[in-house]
Amino acid sequence: MAHEEKDGYDPSAVENKWQRLWDERGTNVFTREELESAEDPYYNLMMFPYPSAEGLHVGNIYAFTGADVHGRYHRLRGKTVFEPMGFDAFGIHSENFALKIGTHPMDLIPSNVANFTRQLRRIGGMFDWNHVVDTTHPSYYKWTQWIFLQFFKAGLAERKEAPVNWCPSCMTVLANEQVIGGACERCGTPVEQRRIAQWFFKITKYAQRLLDNLETIDWSPTTIKAQSNWLGRSTGAQLRFPVVDADGNETGDVVEVYTTRPDTVFGATYMVLSPEHPLVETVTDDGLRVPVYAYVDAAGKKDLVARQKADKTKTGVPTGGYCRNPATGEVIPIWVADYVLMEYGTGAIMAVPGHDERDFEFAQQFELPIRRVVAGPEHDADTPLEEAYVGPGSLVNSAAFDGTNVSESVETVTAWAAEQGWGEAKVNFRLHDWCISRQRYWGPPIPIVYCESCGPVGVPESDLPVELPRIDDFRPDDSGISPLARVEEWYRTECPECGAAARRETDVSDTFLDSGWYFIRYPSADVDDAPFDPAITKKWLPVNTYIGGNEHAVLHLLYSRFITMVLSDLGHIDFEEPYDVFRAHGLIIRDGAKMSKSKGNVIVPDPIIEEFGADAFRTYLMFLGPFEEGGDYRAGGIQGPFGFLHRLWDSAVGATDDPADPDVERKVHQTIHQVTEQIPALGYNTSIAAMMECLNVIRAGGRSASRAEIEPLVVMVAPFAPHLAEEIWERFGHQGSIFDGDNWPAYDESKAVETTVEVAIQVNGKRRAAIQVAADAPEASVVAAARVDENIARYLADVEERRVIYVPGRLVNFVVG
RNA sequence: GCCGGGGUGGCGGAACGGUAGACGCGGCGGCCUCAAAAGCCGCUGUCCGCAAGGGCGUGCGGGUUCGAUUCCCGCCCCCGGCACCA
């Protein structure tokens, strides 16, 4: 009995032991000197969590484990792997939760962090606990503020009054990226439009570079595509339509429009301004001011909500003003309609109802003229339009351009407009500047002081951090002003430039600014006189591999690229892309839906780890599907990997010193080959399957393993089940951690070669038999052997043989007929 | 509507254009045990057949090929993202 207990697999004993030893020996942590002198550095990054009160859920653990497996693999191959962990703990989510349960974020977050830390240790991640980053700690946000100041000094941070997305429930401004279908991504409340003075980062200046660089980085294609769509580059032309009075004389005002189809300018039969367009007032006829202003007013109120509803019924009003179409010379009416958005292009369009679906619908509704200027192969110049025609064809009703193919006409018409001075080619992006102001409490104060005479002044770097004061009343209100604006003793200060009485900025910054640079901070987390140490940064960055969720494809990943680019331009770092490789992991699905608290299908990991151990849990999560695609979580599924580890343990603990059996050794080397190829490619599920198969061979017929057979398997399983691997490694008599040094098994091709192979015999592509032949048997002898197979002979008896296909080692196919 | 990713046994999932269903879960039968856990052995796509063997099978319809889950064309459905972006 006692003997049983000593040698039986007891996950919690093994895991406790090794987690303790890793801590005691500092297995996973680096000193500054070690970071400085690392020989083969590999920076393995995963997206840091928001430390919620609920603790880690299976989705988090899935992502972390997948990334940890990657890091551990590279470490077993002899690399020096830095794998840090941190907490993205500022933001509305924490603040709202604190409000809900009646506590203070400054009390809530440390206890959440402690709980997360406990859980993260328990799953056996290879985290460097000496380099933890907590974005809410003054030692971190001091440097977040420093980054703001660098942007400010470089003219890349700008304060402007702008229409912003306002969530009436969260009572704060949201970035465009945080508005989903017109509603707040966090609480689902319809978003309103407000005009508030905000700080913006000029990310649009970097749009082209952010797009171009996508070609140079090795990222998941889905993420690349999402970023590229989000940047939304389009090419076209900016055209100017002069405003004319009732007599057709030019007033001097010009409506500037952006279009991707300048070739259809001859079909522009009216103009549309967005309700917020500055020219609305100017062009509106006095007799129409009442309806126009009423429309503009209504649009402003409902704005983002109503505009982004699925209902796309067009509304609009005529202004009574007119433009001259510079191509045709015709006078055309100017309308105001909310289907034209102020945020895109120039906020005004030329409407070509014949060849744009939205314009067509609008023109139909308000009985505006619809003119064909493109004729497809089925049409002529006068074919009536039943709907907007957007297909290929050639221009008609377009004066000198008639007959030109649309594929070339964009260019020729633009050139003509340029020659005449009313337009030029233009590239446009969908991307907007990044609004970083938040009228909330739980974030880093924006380090700006407003002075009557000096204007907005950056807080001197020596005065950082601008500490977030602990205040009891941190509730937001509907005024659009931060809770900090209620704390006079905090916001009253002196102008850093002239010393006059001044007032601090009371907004805090967006959490995406916190997470936009944390990866640069990690290796320098213990440096307190600079945001990052130059030498260490040079050695460790950019990040080798970043693994995270694709929900951040256009938020965090775009902002962190932008910040990196700016820091590079400002000379602080010498790389402009933060992550060499990015891989998006899949999602854990349960009951047909993504595992999430709102869906109510979350699995709490702790009891599972308690029962089966972290190793089995990790292995199961990596086994349940391709890591980059996610998979279905099923409660009983862990039995398979648990049993596997159990058998592996039993075989290893009872291993003999006999030499390896050649047949088993062959399987072992085939497995080494496969696993070595698949793990770095994140093919975790098939790697585990291969190792299971290998163990099945080792144990076939109840045979005992020899140590030579099983030791390579133990090393290969170590990324998935690190505690178990360490324990067996130690029992095999090795000194120190299995993760110290290059312990990955070497693949020997000569040992993996099969001597005999099974060859399938097909007749007309259908498998009719299989024969065993020597692996190096010549074609003729294989075909001859195939021919005399009893079953095959029957099929070949009375038919003509037309062809024989031979695929070495695989099959022989007799084509008969 | 647009952009991604998918549709394979009861289930999760494997398959360089080459033996479809590896590996695992679940199920059935058996061994070990006082019992349980763990472990071990066998069977397990479906239909016909005692068997040998054969028919049918990777969402649907076509095509290319000696051979298609894989490539091409046209559909259907599911998941994720974006959405009046001119």
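This is a predicted model, so every value here is computed, not measured. Throughout, a chain's letter reflects where its sequence line sits, starting with A, and its residues are numbered from 1. Excluded from the calculations below are hydrogen atoms, water molecules and symmetry mates; all remaining heavy atoms, backbone and side chain alike, are included.
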> Is any side-chain N or O of A:Y258 closer than 4.0 Å to OP1 or OP2 of B:rA86?
Replying inline: no

> Starting at CD1 of A:I792 and ending at C1' of B:rU19, how long is that distance when rounded to a whole Å?
Replying inline: 12 Å

>> Measuring from atom CD of A:E15 to atom CG of A:D10, what distance do you get when rounded to the nearest 0.5 angstrom?
In response: 9.0 Å

>> Just the rounded figure in Å: distance from P of B:rC79 to CD of A:E628.
In response: 23 Å

> Does A:E758 get its side chain close enough to the base of B:rU19, under 3.5 Å, for a donor-acceptor pair?
Replying inline: yes

>> What's A:N696 touching, base or sugar-phosphate or nothing? Going by heavy atoms closer than 4.0 Å.
In response: sugar-phosphate

>> For a quick check of understanding: with a heavy-atom distance under 4.0 Å over all strands, which category does A:L624 fall into, base, sugar-phosphate or nothing?
In response: sugar-phosphate

> Closest to the A:M692 side chain: B:rC82, B:rA86, B:rG24?
Replying inline: B:rG24

> Of all the nucleotides listed (B:rC23, B:rG39, B:rC11), which has the minimum atom distance to the side chain of A:D650?
Replying inline: B:rG39

> Within the structure shown, what part of the strands sits under 4.0 Å from A:G586 by heavy-atom distance: base, sugar-phosphate, or nothing?
Replying inline: nothing

> When we call it a touch if two heavy atoms are under 4.0 Å apart, what does A:R647 touch: a base, just sugar-phosphate, or nothing?
Replying inline: sugar-phosphate

> With the threshold set at 4.0 Å, does a side-chain nitrogen-carboxylate oxygen contact exist between A:E801 and A:R787?
Replying inline: yes

>> Can you measure A:R430 atom CZ to B:rC2 atom P for me and round it to whole angstrom units?
In response: 17 Å

> Roughly how far apart, to the nearest Å, are B:rG13 and B:rA20 at atom P?
Replying inline: 23 Å

>> Only pairs with both distances under 3.5 Å count, Watson-Crick or wobble alike; so what is the partner of B:rA51 in this structure?
In response: none

> With a non-hydrogen cut-off below 4.0 angstrom, is A:R768 in contact with a base, only sugar-phosphate, or nothing?
Replying inline: sugar-phosphate

>> Expressed as a whole number of angstroms, how long is the span from A:K225:NZ to B:rG80:C1'?
In response: 16 Å

> Of the nucleotides B:rU19, B:rA22, B:rA86, which has the atom closest to the A:R767 side chain?
Replying inline: B:rU19

>> Determine whether a donor-acceptor pair (N or O, by modelled atom type, separation under 3.5 Å) exists between the side chain of A:N685 and the backbone of A:L624.
In response: no

> Which word best sums up how the rings of A:H669 and A:Y747 line up, parallel for under 30°, tilted for 30 to 60°, or perpendicular for over 60°?
Replying inline: tilted

>> Please give the distance between the P atoms of B:rU19 and B:rU33 as a whole number of Å.
In response: 44 Å

> Is the base of B:rG9 syn or anti, where syn means the angle lies within 90° of 0?
Replying inline: syn

>> Within the 4.0 Å heavy-atom criterion, would you say A:P221 contacts the bases, only the backbone, or no part of the nucleic acid?
In response: nothing

> If the C1' atom of B:rC31 is compared with that of B:rC47, how far apart are they to the nearest Å?
Replying inline: 33 Å

> Which residue, A:R803 or A:L811, contacts RNA chain B at a nucleotide closer to its 5' end, judged by nearest heavy atom?
Replying inline: A:L811

> With a 4.0 Å cut-off on heavy atoms, is A:R233 in touch with a base, just the backbone sugar-phosphate, or nothing at all?
Replying inline: nothing

>> Tell me the interatomic distance from A:F642, atom CZ, to B:rC23, atom P, rounded to whole angstroms.
In response: 21 Å

> Which nucleotide, B:rG53, B:rG55, B:rA83, lies nearest any side-chain atom of A:K766?
Replying inline: B:rG55

> Counting side-chain heavy atoms from CB outward, which of B:rG53, B:rU19, B:rG39 is closest to A:Q762?
Replying inline: B:rU19

>> Between B:rG6 and B:rU70, how many Å separate the two C1' atoms, rounded to a whole number?
In response: 15 Å

> What nucleotide among B:rG18, B:rG12, B:rA86 has an atom nearest to a side-chain atom of A:N813?
Replying inline: B:rG18

> B:rC60 and B:rU69: how far apart are their C1' atoms, nearest whole angstrom?
Replying inline: 15 Å

> Can you check the A:L645 CG to B:rC23 P distance for me, whole Å?
Replying inline: 18 Å

> Can any side-chain N or O of A:Y344 pair as donor or acceptor with the backbone N or O of A:N428 at less than 3.5 Å?
Replying inline: no

> Are any of the side-chain heavy atoms of A:S234 and A:V427 separated by less than 4.5 Å?
Replying inline: no

>> Would you say the rings of A:F612 and A:F617 are close, in the sense that their centroids are separated by under 6.0 Å?
In response: no

> Taking the P atom of each, how far is B:rG24 from B:rG17, in whole Å?
Replying inline: 26 Å

>> I'd like the P distance from B:rG4 over to B:rG53, given in whole Å.
In response: 48 Å

>> Looking at A:Q639, I'd like to know whether one of its side-chain N or O atoms comes within less than 4.0 Å of OP1 or OP2 on B:rA38.
In response: yes

> Does the A:R666 side chain pair with the main chain of A:V753, one donor and one acceptor, at a distance under 3.5 Å?
Replying inline: yes

> How many Å lie between OH on A:Y684 and P on B:rA22, as a whole number?
Replying inline: 25 Å

>> Suppose you measure atom C1' in B:rC79 against the same atom in B:rG59; what distance do you get, rounded to whole Å?
In response: 15 Å

> What nucleic acid atoms does A:F623 come within less than 4.0 Å of, heavy atoms only: base, sugar-phosphate, or nothing?
Replying inline: base

> Is the cationic atom of A:K314 (NZ for Lys, CZ for Arg) positioned less than 6.0 Å from the six-membered ring centroid of A:F362 and within 45 degrees of its normal?
Replying inline: no

> Which part of the nucleic acid does A:N550 contact within heavy-atom distance under 4.0 Å: base, sugar-phosphate only, or nothing?
Replying inline: nothing

> Heavy atoms under 4.0 Å, any strand shown: does A:N229 hit a base, just sugar-phosphate, or nothing?
Replying inline: sugar-phosphate

> Once you round it to whole Å, what is the distance between C1' of B:rC16 and CZ of A:R810?
Replying inline: 8 Å

> Is there a Watson-Crick or G-U wobble partner for B:rG18 with both distances under 3.5 Å, and which nucleotide is it?
Replying inline: B:rC66

> Which part of the nucleic acid does A:N685 contact within heavy-atom distance under 4.0 Å: base, sugar-phosphate only, or nothing?
Replying inline: sugar-phosphate

> NA contact type, A:E551, heavy-atom cut-off 4.0 Å: base, sugar-phosphate, or nothing?
Replying inline: nothing

> How is A:Y795 classified with respect to the nucleic acid when contacts are heavy atoms under 4.0 Å: base, sugar-phosphate, or nothing?
Replying inline: sugar-phosphate

> Any side-chain donor paired with an acceptor under 3.5 Å for A:S220 and A:R583?
Replying inline: no

>> Is A:R802 close enough to B:rC66 that one of its side-chain N or O atoms is under 4.0 Å from OP1 or OP2 there?
In response: no

> Starting at the 5' end of RNA chain B and moving along, which residue's nearest nucleotide shows up first, A:G347 or A:E693?
Replying inline: A:E693

>> From C-beta outward on A:D338, which listed nucleotide comes closest to its side chain: B:rG54, B:rA15, B:rC84?
In response: B:rC84

> Under a 3.5 Å cut-off for both distances, is B:rA38 Watson-Crick or wobble paired, and to whom?
Replying inline: none

>> Pairing check on B:rG1: which nucleotide meets the Watson-Crick or G-U wobble criteria with it, both distances under 3.5 Å?
In response: B:rC82

